[in-house]
Structures are given as C-alpha cells and as structure tokens.
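Note sheet for the following structure.
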Amino acid sequence: MKRLYSLLLCTAMTASAFASTPTLLSTLPACDRKPLAHAAAKAADTETETTWTEWQSFGTGTLTMDDMFALFTGLDEWQGDFPDKTVDVRYSTDDVTIQQYRFNGVFNGADIVVDVNTAKGTLKMLPQNTKIDVFGQEILVADFASCYEIIAPEYGQEVIDTYAAYNYFIPELKRFYIYAGYFFSEEDDDVTAIGDLQFQVNGATDYVPKFQYSLFSNEAKPATVTATFPDETSYMEYAVFPGHYTSAKLQKLIDRKCEYTKQTTAGAVELPALADGLNTLVAITYGTESGMALEETHFSFTYSPDRADEWTSLGLTDITTDILEIINDELPVDYQAELQQNKQNKAIYRLVNAHGATYPANTSEADYDSEFNHYLTFDTSDPADVKLTPAHVEKNLVAPVFVMGTADMLREAGKSETTVSSYLGKYVDGAITFPDEGLTLGCANWTLFQDDLPAEGFVNTNLSGKFRIAIPDTQGIDDIKADNAPAEYFTLQGIRLDSPVRGTVIIERRGTTARKIFVK
C-alpha cells in the first residue's frame with residue numbers, strides 16, 4: 001500500500017512551464033508530491049474583515065519535518081517527528097468553509113497558524129516567526145507560494161499558483177501538508193531552505209480499503225475479490241491492469257484514462273476479463289467531504305487457465321533454475337518438470353508447476369499450492385528476445401512472489417533498448433536461457449528480500465545466469481497417444497519407483513504426459 005497523497009496526486013504542470021519555473025534557491029530540491037487537479041485551485045483569498053469563532057480544540061497529533069531545514073542550519077534536532085502537539089481550529093462566522101488552524105508550540109514554543117478554505121481545497125501559511133535563531137537571526141517560515149508572493153512577485157501568478165498547489169488539508173484524514181520556505185526577513189530576496197511539513201492529527205480514519213481476494217484462478221475457478229470500506233460515506237475507484245504494478249498505471253486511474261469502476265458499497269468487486277498471467281488491481285479511496293483522493297492500494301493475482309485442448313505435452317524436461325535463490329539462499333538446482341507447447345503457436349512453451357511437486361526444495365504439499373496447475377509461459381517467437389509472461393510462483397513463502405523478465409520490466413519503465421539488451425532471454429541450441437539478473441521477482445512484503453530490495457518492491461534474480469529449459473525435438477509429438485502408454489512413477493526428486501507408496505505425493509508419467517498424484 002502506498003500513500004497516494006505523497007506519491008502521484010498532481011496537477012500536471014506542462015513541460016514548458018516546469019522548465020521555466022524560477023527558483024529562489026541556488027539548488028531547488030525536486031518536489032515528489034503533486035496534488036490532484038481539483039485540489040490545486042488558487043491560494044485562498046486573504047480575508048481582511050473576517051470575524052472568527054472562538055478557538056476550539058481540534059486534537060493532538062504529530063508534526064513531521066523533513067531534513068532540509070536541518071541540513072541548511074546544522075540544527076539536527078529540527079527534523080523527524082514531533083509527537084503530542086496540539087492543534088486548535090476556528091471558523092469564519094460568515095462561511096464555515098473558511099477556517100484557521102493553530103499548531104501550538106510546534107517550533108521553539110512558537111504557534112503557527114494556517115488558513116484553509118475547504119470549499120476550494122487550499123491551504124496558506126503566511127510568514128511567521130519560528131523562534132529558532134540561525135546565524136544570530138530568527139528564522140521565519142511560510143508556505144513556498146507565499147514566499148514567491150512576498151520575495152519574488154515578478155515571477156507572476158502562474159508560478160505562485162504552482163507552488164500553492166503543493167499545500168493542502170485533507171479533512172477526512174485530518175492531515176495537513178505544507179511546502180514550507182524558511183527565510184530571515186520579508187525584505188530578503190532569497191529563501192534559506194525549503195522542505196515538507198506535515199501535521200497528522202491522532203485518531204483519523206484510515207481510508208485504505210481492505211481486500212480479500214484469490215491469489216490464483218483458472219477458467220474453472222474464477223478470481224474473486226471483495227472490498228471492505230472503512231467508512232460507508234467513502235467510495236473507491238478501481239481498475240485492473242495486465243502485468244505488474246507501476247506508477248504509470250496508477251496515473252491512468254487518477255486521470256481516468258483507463259476502464260475503471262466506481263464502487264460505493266462494500267462487497268464483491270466486479271472484475272473484467274483477466275489476462276493470462278499476472279493481473280494488478282489498483283484502487284483509490286475518495287472522500288465525500290473534500291472530494292480528494294485519500295489513499296491508494298494495489299495487489300496482484302495470477303490467472304492460470306489450463307485450456308488443455310490448446311496445448312501438447314512434451315513430457316518432463318530438464319530445468320536449471322535459481323529463481324528463488326535470493327529468497328531461500330538456494331544454489332541453482334537441476335530437476336525436471338512438465339513442458340507443454342502451444343498447438344496454434346509452436347513458438348510458445350509453458351512449464352507446468354515449475355515450483356510445485358517436482359521442485360527439489362519442496363518435501364510435502366504444504367510447501368506449494370496444489371489446488372491449481374501453475375504455468376510459466378515463454379514466447380520464443382524472437383529467439384534473441386524470449387518473453388516470460390509475469391506470473392506468481394506457486395511455492396508457499398512468507399508472501400506471494402511473482403516473476404517476470406527483467407528486460408520487459410525495464411521496457412515498461414521506459415528504459416532504452418541499450419539498457420534492456422543486457423537482460424534478454426534467448427532461445428538457442430534447443431534451450432531457453434536467461435542471463436545474470438535477467439529475471440526479476442516482485443513482492444508486496446519487502447522484508448522477504450531483506451537488504452536487497454529497492455524501493456520499487458522488485459529485485460533481480462537468476463544471479464548465477466544459469467536459468468535453462470531444455471526444449472525437446474517436437475517432430476511427430478502430436479502422434480503420441482500418451483493416455484494408452486504404461487504408467488511410470490517417480491519421487492518428487494525424479495527417482496524412479498517400482499510402485500507407488502501409499503500416503504506420498506509422486507509423479508506419474510504416461511508416455512509424454514506427466515502429472516503429480518497423491519497415492520491413497
């Protein structure tokens with residue numbers, strides 16, 4: 001789950017506007033938070049004759065500062081979380097959507113007041129003292145848009161509005177965001193530092209929907225998803241995409257540039273037709289009070305249809321793999337699993353239950369999902385660029401893990417073919433191979449990958465570069481009548497048995513067809 005408000009909620013600034021945006025700092029840190037378009041209205045108009053109600057408590061919460069102010073001043077104590085801070089609120093007697101919030105003693109005992117217009121979705125913090133001395137002078141703080149209004153108004157309203165869009169208050173979550181600028185006086189022509197301020201009031205509802213879903217499905221047992229909403233007055237919008245999660249897919253949902261569904265009540269989620277292999281559902285929860293997107297969540301599941309009449313079994317084939325080495329500290333293993341070939345497109349092959357009964361690290365059915373057949377599908381149409389359909393592996397681990405080709409993941413991320421070329425799968429000399437780090441694992445539980453996991457939730461695998469699937473000569477394979485062949489039996493490690501042993505899981509092979517069975 002990712003927090004949407006700190007990821008991609010944005011007014012899209014045009015490339016030309018972004019390129020020409022002036023800076024008040026010699027080096028302006030890149031902003032990684034962008035509010036939604038309908039929350040990025042102009043800064044609230046200054047209320048010159050407002051009559052206010054009395055201040056009343058709005059709660060206790062935590063102020064969070066990033067490290068920019070501390071880096072500039074050398075005052076390391078002014079970064080991180082500051083809990084148990086109180087906040088008060090008062091309302092305009094003429095319009096309750098015009099509000100002021102006072103964060104009490106958030107700096108060196110200084111109170112900070114912000115103006116909020118919930119009808120427009122805007123927040124403004126005019127210059128105020130922090131009571132923090134830096135180089136013998138007291139630092140002022142304001143939202144960065146106000147810094148431009150005061151220090152550099154010649155840059156115009158478009159620039160001011162751009163930075164005003166980075167400040168907002170989410171009523172349902174009782175969460176404030178301020179893109180703050182620090183400076184010595186309003187007569188200065190520069191800002192000393194800028195950074196994020198967040199104030200989170202305790203006890204707010206977490207608007208992330210809770211999902212129950214089936215990780216695997218096939219044509220006989222369709223995928224099911226149910227959603228539980230944290231509040232009946234909220235709603236969500238969701239879309240299902242083929243393949244793994246990317247921020248670009250989230251952005252499509254935000255911009256409504258994809259097929260999406262709005263759901264206002266808890267219960268079953270209507271799924272579209274699923275693509276073979278990995279599918280990802282992305283959902284955004286919206287609040288009815290502010291109209292802003294509140295939280296984003298996503299999860300992936302695999303559709304593995306058998307479609308037995310579309311495939312020809314090539315029997316057991318030799319495999320070398322270390323796909324799960326990075327999780328289980330396994331060395332590359334050699335074993336056998338069933339290989340099938342597509343009847344319509346003979347360049348497409350699939351391994352059956354590659355991490356199931358025949359996988360050497362498995363010792364019982366508890367080690368893998370035995371309810372479905374699981375497939376790793378490879379397209380060798382271009383022998384110099386073999387494609388692997390992303391899919392979950394069926395081995396039971398701490399959390400579901402899926403595998404994909406590194407080259408295709410990089411392509412989806414917009415990397416150049418020069419970068420991609422080092423990771424291409426190959427079909428040569430009767431075998432499918434992938435190079436060192438040519439396969440990638442994805443998992444929502446980042447701790448499974450320990451220190452190797454980057455922020456995106458993916459990690460390269462096949463570190464030995466030894467992944468290999470032997471492709472047998474298929475000439476005349478369609479003429480083999482496997483069902484009439486005598487049965488042969490093997491242990492999960494591929495050792496031939498004279499006869500089945502009761503109470504064990506074994507491999508039964510008839511001709512070129514192999515399947516796992518439990519001997520009763």
Side-chain angles (χ1 to χ4, degrees), residues 3-6 9-11 33-64 85-104 106 111-126 128 142-146 149 160-180 196-207 229-237 254 264 284-296:
R3 303 279 184 192
L4 189 59
Y5 43 76
S6 65
L9 295 180
C10 64
T11 47
R33 184 181 67 244
K34 305 173 184 178
L36 278 175
H38 59 260
K42 293 181 179 181
D45 295 332
T46 303
E47 303 292 335
T48 55
E49 300 294 336
T50 301
T51 302
W52 300 100
T53 64
E54 295 295 322
W55 289 106
Q56 56 185 295
S57 174
F58 192 67
T60 301
T62 298
L63 173 75
T64 300
K85 301 295 183 182
T86 60
V87 57
D88 300 324
V89 63
R90 65 181 182 179
Y91 304 89
S92 167
T93 56
D94 298 322
D95 185 351
V96 294
T97 66
I98 298 173
Q99 306 161 3
Q100 281 190 333
Y101 292 86
R102 181 177 65 194
F103 307 124
N104 299 306
V106 293
D111 298 339
I112 299 297
V113 176
V114 300
D115 295 284
V116 170
N117 186 323
T118 57
K120 296 181 179 180
T122 57
L123 180 151
K124 190 179 185 73
M125 183 171 71
L126 294 173
Q128 296 161 70
D143 71 81
F144 200 51
S146 293
E149 284 185 302
I160 294 170
D161 291 345
T162 295
Y163 285 106
Y166 295 154
N167 310 307
Y168 47 95
F169 168 55
I170 305 175
E172 290 91 346
L173 299 182
K174 296 184 178 179
R175 192 168 294 153
F176 301 81
Y177 287 95
I178 305 167
Y179 194 44
D196 284 330
L197 288 177
Q198 173 186 317
F199 197 99
Q200 173 62 64
V201 179
N202 299 336
T205 300
D206 188 348
Y207 271 73
F229 285 34
D231 190 301
E232 291 182 358
T233 61
S234 66
Y235 68 94
M236 75 172 184
E237 293 175 350
I254 291 173
T264 58
I284 301 174
T285 303
Y286 285 81
T288 55
E289 182 178 341
S290 66
M292 288 188 68
L294 302 176
E295 302 278 5
E296 173 270 338

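Nothing fancy with the numbering, it's 1 onward along the sequence.
Side chain of T285 to main chain of Y207: a donor-acceptor pair is present (N/O by atom type, distance under 3.5 Å, no hydrogens or angles). Proximity of a side-chain donor or acceptor of T93 to a complementary backbone N or O of W52 within less than 3.5 Å is not detected.
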Tell me, with the steps shown, if V89 and Q56 meet side-chain contact (heavy atoms from CB on, under 4.5 Å).
CA-CA 5 Å; V89 63; Q56 56 185 295; 3.7 Å; yes

Go through the steps for L173 and T205 under the test side-chain contact (heavy atoms from CB on, under 4.5 Å), then give the verdict.
CA-CA 6 Å; L173 299 182; T205 300; 5.6 Å; no

Given the rule in the side-chain contact (heavy atoms from CB on, under 4.5 Å) test, do F176 and L123 qualify, once you have shown the distances and angles that lead to the verdict?
CA-CA 9 Å; F176 301 81; L123 180 151; 3.9 Å; yes

Verdict with supporting geometry, V114 and F103, side-chain contact (heavy atoms from CB on, under 4.5 Å)
CA-CA 8 Å; V114 300; F103 307 124; 4.0 Å; yes

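Separating the CZ atom in R175 from the CZ atom in F169 is a distance of 11.0 Å, to the nearest 0.5 Å. Rounded to the nearest 0.5 angstrom, I170 CD1 and Q200 CD are separated by 9.0 Å. Distance check, rounded to the nearest 0.5 Å: CG of D111 to CZ of R102 gives 6.0 Å. Rounded to the nearest 0.5 Å, atoms CG (D143) and CG (L126) are 7.5 Å apart. Between the CD atom in E54 and the CG atom in D88 there is a gap of 11.5 Å [rounded to 0.5 Å]. How far CG of L294 is from OH of Y286: 9.5 Å, rounded to the nearest 0.5 Å.
Under the 4.5 Å side-chain criterion, counting only non-hydrogen atoms from C-beta, Q100 is not in contact with Y91. Side-chain contact between K174 and F58: present, with at least one pair of heavy atoms (C-beta onward) separated by less than 4.5 Å. I178 places none of its side-chain heavy atoms less than 4.5 Å from the side chain of D196.
Considering only residues two or more places apart in sequence or on other chains, E172 meets the salt bridge (Lys or Arg N to Asp or Glu O under 4.0 Å) condition with none of them. Under the side-chain hydrogen bond (donor to acceptor under 3.5 Å, both in side chains) criterion, D95 pairs with T97, not counting sequence neighbours. Applying the side chain to side chain contact (heavy atoms under 4.5 Å, CB included) rule to T64 yields the partners T62, D81, Q198; only residues at least two apart in sequence or on another chain are considered.
For A145 against A164, the heavy-atom pair with the smallest separation is CB-N, 3.4 Å. Between M125 and I112, the closest heavy-atom pair is SD-CG2, 3.3 Å. In terms of heavy atoms, S57 sits closest to G59 at OG-N, 3.3 Å. Nearest heavy-atom pair across N167 and Y179 is OD1-N, 2.7 Å.
No cation-pi contact links K85 to F199, judged by a cut-off of 6.0 Å to the six-membered ring centre and 45° from its axis.
Q99 and Y101 form a side-chain donor-acceptor contact under 3.5 Å, judged by distance and modelled atom types alone. N104 and T86 form a side-chain donor-acceptor contact under 3.5 Å, judged by distance and modelled atom types alone.
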